[in-house]
Amino acid sequence: MAKRVGIEVSIAVAEAVKLADVDLVAAYPITPQTHIVEHLSEDVANGKLDAEFVPVESEHSAMSCCCGSSAAGARTFTASSSQGLSLMSEILYIPSTMRLPIVMVVANRALSAPISIWNDHQDIMVQRDIGWIQTFAENGQEAFDLTLHAFRVAEDRRVSLPMIVNIDGFTLSHVIEPIEILDQEEVNRYLPPFKPRYRLDPKKPITMGPVGIPEVYTEAKVAHDQALKASKKVILKAWDEFAELFGRRYQPVETYRSEDAETLLVTMGSISETAMTAVDAMREKGQKVGLVRIRLWRPFPAQEFRKAAGKAKVLAVIDRCLPPGAPCGPVGEDLRAVFYKVPGAPKIFSFVAGLGGRDVTVETFEEIVEKAQAKARKRPRELYEVIGVREK
Amino acid sequence: MIPELEKFKGFTVKNLPKDEPLAPGHRACQGCGEVLALRMVMKALGRNVIVCSATGCMEIITSPYPQTAWRVPWLHIAFENAAAVASGVEAARKAMARKGKIPKRHVDIMALGGDGATGDIGLQALSGAMERGHDFLYVCVDNEAYMNTGVQRSGCTPYGAMTTTSPPGTESFGQYTWKKNIPAIAAAHGIPYVATASPAYFLDLMNKVKKAALVKGPAYVHIFSPCPTGWGSAGERSVEFAKLAVDTRIFPLYEVIEGKYILSRKISKPKPVTEYFKGQRRFRHLKDDQIAYIQRRVDAEYERIARLAEVS
Amino acid sequence: MAKTDAIIGWKTITFGCHVLEPGSTAKFRTGDWRSQRPVTDREKCIKCGMCWIFCPDMAYSQTEDGYYVADMEYCKGCGICAHECPKDAITMVPEE
Amino acid sequence: MKEVRIHGRGGQGGVTSAELVAIAAINEGGYAQAFPSFGPERRGAPVAAFIRVSEAPIRTREKVYHPDIVLVLDGALPSLVNVTAGLKDDGIVVLNSHKAEAEVRKEFGIKGRLALVDANRIAMDVLGLPITNTTMLGALLKATGLVGMSALEEALEHRFGRLAEKNKAALHRAYEETVVC
């Protein structure tokens, strides 16, 4: 039976990985991801998890080691953050086109310079196009549930793609809160053993990672893109089944008090909960404000998003990332593309907030809504605005 | 001594394996000494091996999609990470065998890289994998420059050699640093087996590779691999240069077994280095004083290893 | 670079771009790269196998009578075999 | 919902205190959050940790700006840090101090509700160490009743194992000796 416990979110994630009975964890320490892999190495040391914990000498090697492990046919996990994720970057593009279903939890954190250990989404936005399936967790329960979901989806033979679960560093990873931890029997019912389509085996030798000449490179990349898009069906199915088994339902795009809303906040990750409180406060003041939360970031659920947000007049998108020189923040850009030439589409404004651990509060959301409504009344020159930046 | 090695009888000209785990039709240059070395490596290992290859000539020429020259399972991820990838394969198989997910049958795990992939960009991954004690062998096929990208200098390019990024000019005589000693770095990790080898001495090479596979834990074999394209030498002379490098003491053949140095070939009457330089365009510009300096240092390096072999 | 055997579409490209047929380069004729070919004088040949072991292209194989012959499908004509032959039994002759 | 800010020094166990209270509240069937101030502060530096306790699910992840309760583990901190910053008008400061109420109020300018206990002495007597994080939880309970004693004891037992008994003893003594002014 599932057990409701007060537990640090990182440790709950580690519990999920342990319940998934992974074969290999390769990780390098970086704040704020460390608690996850520390806990896993402890489980391995105490015989609670029968796996190889490979304490690699860098994140680059962590991901490389995971590629080898997954190619060998093992259930494989790693976690990372920030600079570490950037150091992995070269390798991240490889297991996705090679269809190696590694699962990674990223405790999202800012990028240097200046060095910052605190939370935002810059690290993962840099890795937007690595071709992994990506979800964002709002709270500890989701972090736990989505980690199990990630193994289930990634390793599905129709999918066979690596998957990232994003959890906000510190503001989620280091919080102790009530989380329902499923037991082994429940997890076994949801997560079948990993049966790879291909594995490195001298009895049936294959070549993985050959040279792609111009005549095949495009086809290889399109095959990957198509597989990523097609994965959505499996993602949804796996969420449906999760709901049937354990009662918690997840959707690629979720709304909060959005039905009659004229202005919709758009969030990803743990600020969504604060945003709900902000929506309640604004509703109390009679404002028609709602919230749309993106849970599935890649493949982007464009259709679901249009359905969830299409009736609003204004979308106030919170980008946890400042893209220097770009017309707009990355989430804002995607949404503009999603609504391009859609009749009656909402006006979309991007607000850069919560960089490098700057707190995102109820007041922040109130300010954003006010600014978005003001921008909607005129033609703003900038498509994004940095919230809470001091001028002097 | 290492029990696995004591049982090993060794290859002789009488029992050389006929099987070719690496298929013909690969796209290596005419007279490639590196693919020749690799062919010998694979003959020694047989087919019960998983190969993790770094980016480089050997990777490019053996895996032109939709074809492959590999008759064994082979994996290429990137340039600098062959050792890390191999460590993942090794550790994953260990866990899966323990958990009954795959048969408990031993399979050799080999990481393969050129000198750049091994000693420059991949040194950290190599060091990490050796330090962690994975049961694998690392084979470096050293052709002394970045040949795949068009002959740029590496840390393993020999002193004085001309490459496209160590050109001799009015202010330069070519590579101005001495060849980086990767086998010594490997040995400094305290791993059970380190060796140097040359395809000219093919039995020695194959026996060392087999020993490296047999020992438990990390093993490292550094193989001298002539590159006619990069060196500006005649293709038919590749084996000859591989032999001359040994016979001039430029590339001494030795093993380091559990820290003990053993000279595989005592070169008591060395040929002068000029004999090795002749016929290689990369050394053509060298002047007498530079050659004299190289000769002195080559002798000193050889003596150093010979002394290590005497004391250990 | 290599010629592909067939035009491969994204729907037919192998899963993960893996190559599933081991040793399939053996279908590729590198013999076309050759401008000279090795010819063995069996009078001089002592069947030592040096040509076989030193061939970078796996072209040589031993026949039933113990001699070694190079497969012209693969021989790139590098000349190592001729150069390393201890009895100078192999000569390189230009391809016509 | 009650919000708590804990002031301590790196290494004094403020984060552990927050964790224990949150776990106790959750084990009682309620909702709670505990989190550190997420800094790179090292041993000895002034640090903060936060707790939220509520009967309903908590839907905010802001830092705690307007605490109902401030728990100060180290008597020297109020002279270094503004421990009453943002404290609600009816909020309470639970302070580790051997000084009398009047002296504390005068020295630190604390006007509102105040609870005092000499946790250093209790910790030295009972634990033999000047570590006050669990001791001060006794004061917190006495002053606020934020969570039940048995739930907190359970959390302590789970966390400290064999060392739990001593910590419980210190906690109980602090509970007895805390003066709510």
Side-chain angles (χ1 to χ4, degrees), chain A residues 21-26 28 44 49-76 78 90-91 93-95 98 100 102 193-196 198-213 215-217 219-220, chain B residues 21 27 46-53 55 59-99 101-103 105 107-109 111 122 124-129 131-132 134:
Chain A
D21 189 28
V22 292
D23 300 315
L24 181 139
V25 178
Y28 188 79
V44 171
L49 169 63
D50 189 1
E52 286 294 309
F53 185 89
V54 189
V56 280
E57 81 299 333
S58 73
E59 286 88 355
H60 193 281
S61 283
M63 190 41 61
S64 303
C65 182
C66 285
C67 287
S69 167
S70 192
R75 180 167 284 173
T76 304
T78 187
E90 184 211 6
I91 307 305
Y93 291 76
I94 297 166
M98 282 177 71
L100 302 173
I102 299 157
F194 175 34
K195 295 227 163 71
Y198 298 99
R199 67 154 49 125
L200 295 168
D201 180 2
K203 291 246 145 83
K204 203 169 178 285
I206 64 164
T207 283
M208 293 170 135
V211 177
I213 57 172
E215 287 86 342
V216 297
Y217 183 86
E219 284 69 23
Chain B
R27 277 47 157 189
R47 296 203 185 193
N48 189 32
V49 61
I50 295 172
V51 179
C52 303
S53 195
T55 308
E59 170 260 331
I60 295 281
I61 61 119
T62 57
S63 71
Y65 189 91
Q67 292 177 349
T68 179
W70 296 92
R71 288 169 170 149
V72 297
W74 181 85
L75 173 64
H76 160 249
I77 299 290
F79 191 11
E80 66 283 60
N81 63 354
V85 172
S87 70
V89 174
E90 187 264 355
R93 287 187 59 87
K94 209 154 84 183
M96 288 191 295
R98 202 166 57 222
K99 294 163 96 168
K101 293 181 178 181
I102 56 169
R105 195 167 53 87
V107 170
D108 291 326
I109 311 290
Q124 176 180 313
L126 173 62
S127 172
E131 171 270 320
R132 292 191 299 273
H134 295 280

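Throughout, a chain's letter reflects where its sequence line sits, starting with A, and its residues are numbered from 1. Keep in mind the model is a prediction, meaning the values are calculated, not measured.
- In terms of heavy-atom pairs under 4.5 angstrom with chain A, the leader among B:Q124, B:R47, B:R93 is B:Q124.
- Under 3.5 Å, the side chains of B:H76 and B:T55 contain a donor-acceptor pair of N or O atoms.
- Proximity to chain A is limited to the side chain of B:R132, based on heavy atoms less than 4.5 angstrom apart.
- In terms of heavy-atom pairs under 4.5 Å with chain A, the best-connected choice from B:T62, B:I109, B:V72 is B:V72.
- Taking A:R75 as the reference, A:E155 meet the side-chain hydrogen bond (donor to acceptor under 3.5 Å, both in side chains) condition, with sequence neighbours excluded.
- Within the 4.5 Å cutoff, the side chain of B:Y65 has no heavy atoms near those of the A:I213 side chain.
- Between chain B and the options A:A72, A:A62, A:P193, heavy-atom pairs under 4.5 Å are most frequent for A:A72.
- Formation of a donor-acceptor pair under 3.5 Å by the B:S63 side chain with backbone atoms of B:E59 is found in this model.
- For A:V22, the part sitting under 4.5 Å from any heavy atom of chain B is the backbone (N, CA, C, O) and nothing else.
- Per-residue counts of heavy-atom pairs under 4.5 Å with chain B were compared for A:D201, A:V54, A:T207; the largest is that of A:T207.
- Contact count against chain A (heavy-atom pairs under 4.5 Å) is highest for B:E80 among B:E90, B:R105, B:E80.
- Residue A:A71 touches chain B through its side chain alone, counting heavy-atom pairs closer than 4.5 Å.
- Interface remark: A:M63 contributes no atoms to any contact with chain B (heavy atom separation under 4.5 Å).
- The main-chain N or O of A:H60 is found under 3.5 Å from a side-chain atom of A:S64 such that the two form a donor-acceptor pair.
- Taking 4.5 Å as the limit, every side-chain heavy atom of B:R27 sits out of range of all side-chain heavy atoms of B:I60.
- For NZ of B:K99, the number of neighbouring non-hydrogen atoms (other residues, nucleotides, ligands) closer than 6.0 Å is greater than 12.
- Heavy-atom pairs under 4.5 Å with chain B were tallied for A:I94, A:V56, A:T76, A:D50; the largest tally goes to A:D50.
- Between chain B and the options A:G73, A:G68, A:A220, A:G212, the largest number of non-hydrogen pairs under 4.5 Å is found for A:G68.
- For chain B, the option among A:C67, A:C66, A:P95 with the highest count of heavy-atom pairs below 4.5 Å is A:C67.
- Proximity to chain B (any heavy atom under 4.5 Å) is shown, for A:P55, by both the backbone and the side chain.
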Walk me through whether A:D21 and A:L49 qualify under side-chain contact (heavy atoms from CB on, under 4.5 Å). CA-CA 7 Å; A:D21 189 28; A:L49 169 63; 4.1 Å; yes
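- For A:I206, the part sitting under 4.5 Å from any heavy atom of chain B is the backbone (N, CA, C, O) and nothing else.
- Looking at B:I77, the atoms closer than 4.5 Å to chain A (heavy atoms on both sides) sit in the backbone and in the side chain alike.
- When atom types are taken as modelled, the side chain of A:S69 and the backbone of A:L24 share no donor-acceptor pair closer than 3.5 angstrom.
- For the set B:L75, B:V49, B:T68, the entry with the most heavy-atom pairs within less than 4.5 Å of chain A is B:L75.
- Side chains of B:E131 and B:S127: no donor on one and acceptor on the other come within 3.5 Å.
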